[in-house]
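Have a look at the structure below before the remarks.
Worth knowing before you read on, the calculation uses all heavy atoms, side chains too, and leaves out hydrogens, waters and symmetry mates. On a predicted model such as this, the values are computed, not experimentally measured, just so you know.
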Amino acid sequence: MTELTDKIKKHLKAQLPFAVYCKPGASVVTGLFGSKKSIEHTNDLSNKGFVFAPFSGGEAVFLPAAECEVLTQHIDLPLAEISSAREFSVDANAKAAFEALVGKCITAIKSNDFTKLVASRTETVETGADVTTIFRRLLPAYPNAFRYCFYSEMTGLWMGATPEQLLQANKGKIHTVALAGTQVYNVGIQAVWPEKEQEEQQIVTDYITQALQESCTNITATSPYTFRAGNLAHIKTDITAQLKNDIALSDVIKKLHPTPAVCGMPKDEAAVFLKENEGYNREFYSGFLGELNTDFASGQQDKSDLFVNLRCMKITGNTAQLFIGCGITKDSNPEKEFHETVNKSITMRRVL
């Protein structure tokens, strides 16, 4: 990792853009290093490069493949011992504010305005470790996640370990997932999912399969199964399809994002509700990121690998802003939902 970590430090010092990442289950870390001139804003998802897109509104930030130096390095995991998150006190004001937000969501759902909403909040954590140390800790901690570190002057410095694939495409064949429902993962104990969690996950599955109808054929979905992501477990369904010949991949991406797993249903109205009630700007949290139209490690073309930006943080100096959320249905309990966000924050706290 020495070459990559040195390159990260030099680019940060010079305020030059980069994306360094490791895919789920992979042992290869890829780094894309650009210049000030190479970073751009775009709504065009047909080019080759690395995309970093916001939750809603605004253009995506893009690193074009042709203008980046590419470094790849094989790693042996684990790279470091990851300690458990230290005990931390719950902010009573933050708890009350989030529970009030969840209460508003439940009221709106029971009024039949929505079938689901995804409420989120932020936490601020002080960290004394440098960026490369945090990223090295992140890699072995969450082997089933897409782990990344991204920087540009436009976005600031972001880092995360997301368990959720938005879309994988390889020469017209598409793979995506419906991921929802959350509980603490217990080794050796089979997860039992309440009806509320199953319903939440089924909403996401139904939305995705219906959204693919116009642009794809041969749509298939697996039965739901339990998937581990760090200290948490989720319900997951794998969905595959074949892109129709006259449909651009960008059309499918725009149709899927944001999914009900990060927004709600109906999603356009849900996005407006969240913007008006969450009380902060999500920025790139619950947006998407990853490789567009090329696999940088293998050099394969016409291949995209995109992920939803969950379990993430924005780092400014010695402060990390954590972004965490959870799905709300008519049967949600505000206090339980708050504690779910606390459990999700442990993903990032462990490496800080």
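For Lys10, the NZ atom sits in a loose shell: 12 or fewer heavy atoms of surrounding residues, nucleotides or ligands are nearer than 6.0 Å. Around CG of Asn245, the count of heavy atoms belonging to other residues, nucleotides or ligands within 6.0 Å does not exceed 12. Lys104 NZ: 12 or fewer foreign heavy atoms inside a 6.0 Å radius. Residue His74 qualifies as open at atom NE2: its count of foreign heavy atoms under 6.0 Å is 12 or below. Residue-environment remark: NZ (Lys110) stays at or below the threshold of 12 foreign heavy atoms within 6.0 Å. With a 6.0 Å radius and a threshold of 12 heavy atoms from other residues, nucleotides or ligands, Glu214 has its CD atom at or below the threshold.
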**Item:** Chi angles and distances behind the salt bridge (Lys or Arg N to Asp or Glu O under 4.0 Å) call for Lys116, Glu200
**Value:** CA-CA 7 Å; Lys116 173 185 175 178; Glu200 182 186 341; 3.6 Å; yes

**Message:** The test is side-chain contact (heavy atoms from CB on, under 4.5 Å); show your working for Leu212 and Val252 and say whether it passes.
**Reply:** CA-CA 7 Å; Leu212 294 175; Val252 180; 3.7 Å; yes

**Request:** Please step through side-chain contact (heavy atoms from CB on, under 4.5 Å) for the pair Leu352 and Ile134, ending with a clear verdict.
**Result:** CA-CA 6 Å; Leu352 288 172; Ile134 297 170; 3.8 Å; yes

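Taking the side chain as every heavy atom from C-beta outward, Thr5 and Phe135 never approach each other to under 4.5 Å. Within the 4.5 Å cutoff, the side chain of Ser345 has heavy atoms near those of the Leu322 side chain. With a 4.5 Å cut-off on side-chain heavy atoms, Phe296 and Thr72 do not count as touching. Side-chain atoms of Glu283 and Thr122, non-hydrogen and from C-beta on, never get closer than 4.5 Å to each other. A 4.5 Å side-chain heavy-atom check between Ile253 and Leu292 finds at least one atom pair inside the cut-off. The side-chain heavy atoms of Val29 and Val20, taken from C-beta on, include a pair separated by under 4.5 Å. Counting only heavy atoms from C-beta outward, the side chains of Met159 and Val131 approach each other to under 4.5 Å. For the pair Gln300 and Asn170, the minimum side-chain heavy-atom distance is below 4.5 Å.
For the residue pair Gly181 and Trp193, the shortest heavy atom distance occurs at C-CZ3, 3.8 Å. For the residue pair His11 and Phe18, the shortest heavy atom distance occurs at CB-CD2, 3.7 Å. Asn309 approaches Phe284 most closely through the heavy-atom pair ND2-O, 2.9 Å. Annotation for Ile208 and Val177: closest pair CD1-O, 3.3 Å, computed over non-hydrogen atoms.
The pair Asp295-Lys23 meets the salt-bridge criterion, since a charged nitrogen lies less than 4.0 angstrom from a carboxylate oxygen. A salt bridge links Glu335 with Lys95: the closest approach of a Lys/Arg side-chain nitrogen to an acidic carboxylate oxygen falls below 4.0 angstrom. The existence of a salt bridge linking Lys344 and Glu123 is excluded, since no basic side-chain nitrogen approaches an acidic carboxylate oxygen closer than 4.0 Å. With respect to Glu340 and Lys336, no salt bridge is recorded, no charged nitrogen being found less than 4.0 Å from a carboxylate O.
Atom CG in Asp331 sits 9.0 Å away from atom CD1 in Ile106 (nearest 0.5 Å). Phe307 CZ to Gln168 CD: the interatomic distance, rounded to the nearest 0.5 Å, is 7.0 Å. Taking CG of Leu274 as the start and CZ of Phe114 as the end, the distance is 7.5 Å to the nearest 0.5 Å.
With hydrogens and angles disregarded, a donor-acceptor distance shorter than 3.5 Å links the side chain of Ser332 to the backbone of Thr329. With hydrogens and angles disregarded, no donor-acceptor distance shorter than 3.5 Å links the side chain of Asn318 to the backbone of Gly128. Listed for the Gln242 side chain is a donor-acceptor partner under 3.5 Å among the backbone atoms of Gly172. A donor-acceptor contact shorter than 3.5 Å is absent between the side chain of Gln190 and the backbone of Gly188. In terms of modelled atom types and a separation under 3.5 Å, the side chain of Glu278 and the main chain of Ser120 share a donor-acceptor contact. In this structure a side-chain-to-backbone donor-acceptor pair under 3.5 Å is missing from Glu197 to Ala180. Listed for the Gln165 side chain is a donor-acceptor partner under 3.5 Å among the backbone atoms of Leu306. No donor-acceptor pair closer than 3.5 Å links the side chain of Thr226 to the backbone N or O of Ile235. In this structure a side-chain-to-backbone donor-acceptor pair under 3.5 Å is missing from Lys236 to Glu164. Arg311 places no side-chain N or O within 3.5 Å of a backbone atom of Pro163 that could act as its donor or acceptor partner.
Aromatic ring centres of Phe50 and Tyr21: separated by under 6.0 Å.
Taking the six-membered ring where the residue is Trp, Tyr285 and Phe323 present parallel rings, their angle staying beneath 30° rather than reaching 60°. Under the 30°/60° scheme for interplanar angles, the aromatic rings of Phe338 and Phe98 are found to be tilted.
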